[in-house]
There are 2 protein chains.
Amino acid sequence: MTRTLLAVLLLTAAPALAQQSIATLPPPVFPGILTVALREDSLAHDHWAWDIAEGLTTEVGQRLAATEAEARAREWAVQELTGMGFANVHVEPFTMPVWTRGAEGAEIVSPFPQKLAITALGYSGSTPPQGVTGEIVYFESLDVLRAVPDSAVKGKIVFIDHHMMPTQDGSGYGQFGAPRRQGPTIASLKGALAIVIRSIGTDHHRNPHTGVQYFTDGASPIPAGALSVPDAEQLVRILQRGKPVVMHLTLVNQKTEGGHSGNVIAEVPGRDPKAPILLVGGHLDSWDLGTGAIDDASGVAIVTAAAKHIMDEGRPLRTIRIVWFGAEEPGGLGGAAYAKAHGTERYAIAGESDFGADRVWRFSSQLMKTDPTAYAQLTAALAPLGITKNDKGEAEGTDVEATIAGGAPWISLNQDGTRYFDWHHTPDDTLDKIDPVQLRQNVAAWTAMLAVLSGGIESGAKQPKRR
Amino acid sequence: MTRTLLAVLLLTAAPALAQQSIATLPPPVFPGILTVALREDSLAHDHWAWDIAEGLTTEVGQRLAATEAEARAREWAVQELTGMGFANVHVEPFTMPVWTRGAEGAEIVSPFPQKLAITALGYSGSTPPQGVTGEIVYFESLDVLRAVPDSAVKGKIVFIDHHMMPTQDGSGYGQFGAPRRQGPTIASLKGALAIVIRSIGTDHHRNPHTGVQYFTDGASPIPAGALSVPDAEQLVRILQRGKPVVMHLTLVNQKTEGGHSGNVIAEVPGRDPKAPILLVGGHLDSWDLGTGAIDDASGVAIVTAAAKHIMDEGRPLRTIRIVWFGAEEPGGLGGAAYAKAHGTERYAIAGESDFGADRVWRFSSQLMKTDPTAYAQLTAALAPLGITKNDKGEAEGTDVEATIAGGAPWISLNQDGTRYFDWHHTPDDTLDKIDPVQLRQNVAAWTAMLAVLSGGIESGAKQPKRR
C-alpha cells in the first residue's frame, strides 16, 4: 500500500498518478548544532537516568501513596536532586486518605478446589479476616453485567472477563479497563457480594494487576479483586464445565483519612526568571506490589537526567522545573495539588514521562498550532532517534493534566507501550524491566526537546557541578 | 499511570479523586447472536482466506501493474470468485503506462570496492546498460538535500539516509518515506547524476524496498534506487572514513504507454437492490520483487473470505460488493477508475484491507458520527477479538479513497503494522509471512463488520454453494 501517497493525493485533491510538487513542501528545517550534540551525548553516555531508577527502586522500593514509604521516597528525592546540583529543591506537602492492602487470596471451593492468584484493586472494600464465600457469576463484558437484573448477581461474586491485547500506543487500556473502573460500582449497586475481574493486563504470568477504582453513585464498597490472566482463563475453563462454581475470597484492607503526601520540586534556573517555564515531571509514588521501576521511577529518572544534561552544558534562558509528583496512582492528587499552587504561573511547555522505559516512538505537541517553527524544530531534532511526529496527538498524562487544563502548552513524548501492560501494577514492575539502551533513547529525546525549547543555552554560564 | 482515569477527569472536568458516574455511561450494547456465531465460526474455521492468498501467490506470483502477469491474475480472480459462488463477477478494464525493471546493481568502486544490494524505485529513470559512475554525496535528511546549492550535487550520486523505526500503526511511513517520494525530483532538479536512498523499511536483511515515486516540477527522470538497510548502513560507515566514495550504478528499466489494467468485481446480491452497498476490497496488483503475499494477496483474501461467510449464512439486505483493485502500487489507478465508474452509487460503508496479514488491533469509522448505534454495535462485536475502537481515526486506504472522497462512509480495520515494513515491497513479501491464525482473526473481524452492517441476514435465502 502507498498510504502516504494517498495522504498526498487527498491533500492536493489531485488525480491519480499525481505527487506532491516539491514547491508545496514547507521550508527545510535543521536542528541546532548544540541540540544535536546534547542529544547524541546523552544517547551515548547518559548514566543519570539509570542511577536514579536503580537508586530509588533499590534504596526505597515500593512507594504507596501517603504511606511512610512514600515519605522516605521524598527524602531520597530531595537528597538526590540536591546532590545533582539542582536549585530550589523542596517538598510541597498535601493530605489525602490512605488505603493499604492486607491479607488476600482466592480459592475455588467447588467443583474443582484450587487456589487462584488475586490482588485487591485500590480502594476495594474489605472482607472479614476469614473471607467470604459465594457463587461466581460470569460476564463476558461490563455491558452484560449492566444489563442483567439485580437478582442475577445478588449475594454472588461477579466475575468480568475482557479481551485486552497489547498496543504500542496503550490505547486498549481505556476501553478494556472498564471492568476495573466501573465494574465494582455496578456490582455493588446490584447487591453483589464481591467482584473479581480478569486483570487489566496483556501478559500470561501469575501476577495480578492492581489499579485504582472508586465507588461512585452511592455504591457501598465491596471486595474487589483482580485475578492474574492465567487464573482468569482457568476460571473461564472451570465455568465452561457448566457446574456452579463457588469461590472463597479474602481481600482484607484498610482505609484511613489524614495521610500525608507531597510533590518534590527542583529547578534549573533560567537566565530570564520571567520567561515561561519548561515543566517536566513523572510520579514518585507507585503501587505496592513491585518496586515501581517502570511506573514511574523511569519517568522521573528520564526527565531529571535530561534537565541535568542541559544544566551541565550551561544556563538556559527559560527555567526548567522538574516535579516528582506524589500520589498519582490514586488519581493524580499530586498533579492537582501542584496546579492549585502553581497554576497561575506561565509555562512554555508541560510534559511528563509515565509510560515505562521503552523507547519514544512518536511525539505530539500543542506547539504544532501555537508555535509551528518550534514544532518543526522538534520534529527535525527527534527524527534521528526514530521518533515520528503525530500531527493528530492530544494532551496526555495524569500529573501535568491539571496544569495543562489551566493553559500550559502540552507535549507528549510517547513511549512504546507494547510491553507496558505486561508489568503495569504487578509485582513484576521491577528494575530488570528497564532496558538501559532504550532508557538512554528516552533521555536523548527529552534532552533534545528541552534544548530546542530552552530559549538558548549560554554555555559560559554553567551551573556548578556538585557531584 | 492511570491515563483513562485522566480522560474521564478531563471529560467531566471533575476534581481529582473523582471517577465517572455510571449514570453517565452510554446504554449497554450487545452484538447480535448471528454476528457472534459468524465471527466465532470464521475465527475457528476459515480456510478461504488462506486458499486465496496461497492460490494467487502460487499460481500467479508477482503481478506488476499493467503487465501480462497482472492480466493472468485477473483471469485467476474471475475463476476463483466465480467458483466461490459470487454473483456479477466481471472485469472493468482501464489503460495506463507500464514501467518494468531491467538489470540492476550497485558497487563501490573506491575506496573499498564491494557490491551493494539495490533495486530501482518505481518510474526510476534508466541508466545505460553499462551503468553510470559517480561520487556519492551524503545527506542525513531530505531537508539537508533541499538546502544545499546545486553545485554540491551536480553530476554526483545523491545518497539520503533516514531513521525509520517500526510502529504498530505504520505512522512512520509518511514522515520517513519522504526521501523516496521527493528525493528523486529534488536531486534531479539540482543536476544530480542519480539518487540512492536507504530503503524505506524497518528490517535488516539484504533486501532493498522498492516503491513508487514520480518526477514532478518538470524534473527529468534520473536513475533512482533503494539500497537495502544493511547496505545503506555499510555505505554510511564507508563514508565516515572521510575519503571520496565512488559508486558504479546500473538501473536499467523501461516505461511505455498504453498498458492495460483492470478491477475485478464480484457481489453478494442484497435482498434490497436499492439499499446502499457494502464496498470491501484490496488490491490485486503487486510489486515485482516478491509474490505480493502481504501486499496485498492477504487483503483481497480477507475481505473475500468474510463476504463468503455472510453469503453462506444467507442473504443480506444490503449488497456486498468485493473489488480486487488493479494498479494500486503505481498510485491507486484502479481505485480512481472504480470511483469514476461507480462514484455516484450509494454506499453504506467502504473499507479495504491493505496492510499485511497480521491481526486487526484497532478500528475506526465515520459511522461514529453518522450512525452511533452501528458504531457501538461494531465496537461490541469486535472487542472480543481484542480490537480497540479508535474514536479519533480517519479514513485510510488508497483503493477506496476516491470513492470515500465521493461521499461513501469509511471504515478502517487497522492491522498490526509492527512487522509490515520489514517485508513491504521487497523480495521477502512471500506467503510464509502470513500467519494463518492472525489471518483468521482478520477474517473474523471483517465477517463481524459485514454482519453488523448487513441490514440483517435472511438465513432461509442462502446463496447456492458452487464449490
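Just so we're on the same page: letters track the sequence lines, and every chain starts at 1. When reading the values below, keep in mind they use all heavy atoms of this one structure, side chains included, and skip hydrogens, waters and symmetry mates.
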So which part of A:Thr167 gets closer than 4.5 Å to some heavy atom of chain B, the side chain, the backbone, both or neither?
both
When A:Pro166, A:Ala402, A:Ser141 are compared by non-hydrogen pairs under 4.5 Å with chain B, the top option:
A:Pro166
Contact part of A:Glu394 toward chain B, heavy-atom cut-off under 4.5 Å: side chain, backbone, both or neither?
side chain
Counting heavy-atom pairs under 4.5 Å with chain B, which one of A:Leu189, A:Asp161, A:Asp143, A:Ile186 comes out on top?
A:Asp143
Greatest number of heavy atom pairs closer than 4.5 Å to chain B - which of A:Val144, A:Asp416, A:Ile404, A:Asn390
A:Val144
How many angstroms lie between atom CZ of A:Arg362 and atom CD of B:Gln175, to the nearest 0.5 angstrom?
12.0 Å
Can you give the donor-acceptor pairs under 3.5 Å from side chains of residues 379-389 of chain B to other protein atoms, not counting sequence neighbours?
residue: B:Thr379; atom: OG1; partner: B:Tyr375; partner atom: O; Å: 2.8
residue: B:Lys389; atom: NZ; partner: B:Asp391; partner atom: OD1; Å: 3.4
residue: B:Lys389; atom: NZ; partner: B:Asp391; partner atom: OD2; Å: 3.0

Proximity breakdown for A:Pro27 and chain B, heavy-atom pairs closer than 4.5 Å
backbone
Rounded at 0.5 Å granularity, tell me how far OG in A:Ser171 sits from NZ in B:Lys392.
9.5 Å
Considering all heavy atoms of both residues, which atom of A:Ile22 and which atom of B:Asp217 are nearest to each other, and what is their separation?
N-OD1, 2.9 Å
Please list, chain by chain and in numerical order, all residues satisfying salt bridge (charged side-chain N to carboxylate O under 4.0 Å, His left out) with B:Arg39, sequence neighbours excluded.
none
Taking every heavy atom of B:Trp361 against every heavy atom of A:Asp169, the minimum-distance pair comes out as CZ3-OD1, 3.6 Å
With a 4.5 Å heavy-atom cut-off, do A:Arg146 and B:Leu25 have their side chains touching?
yes
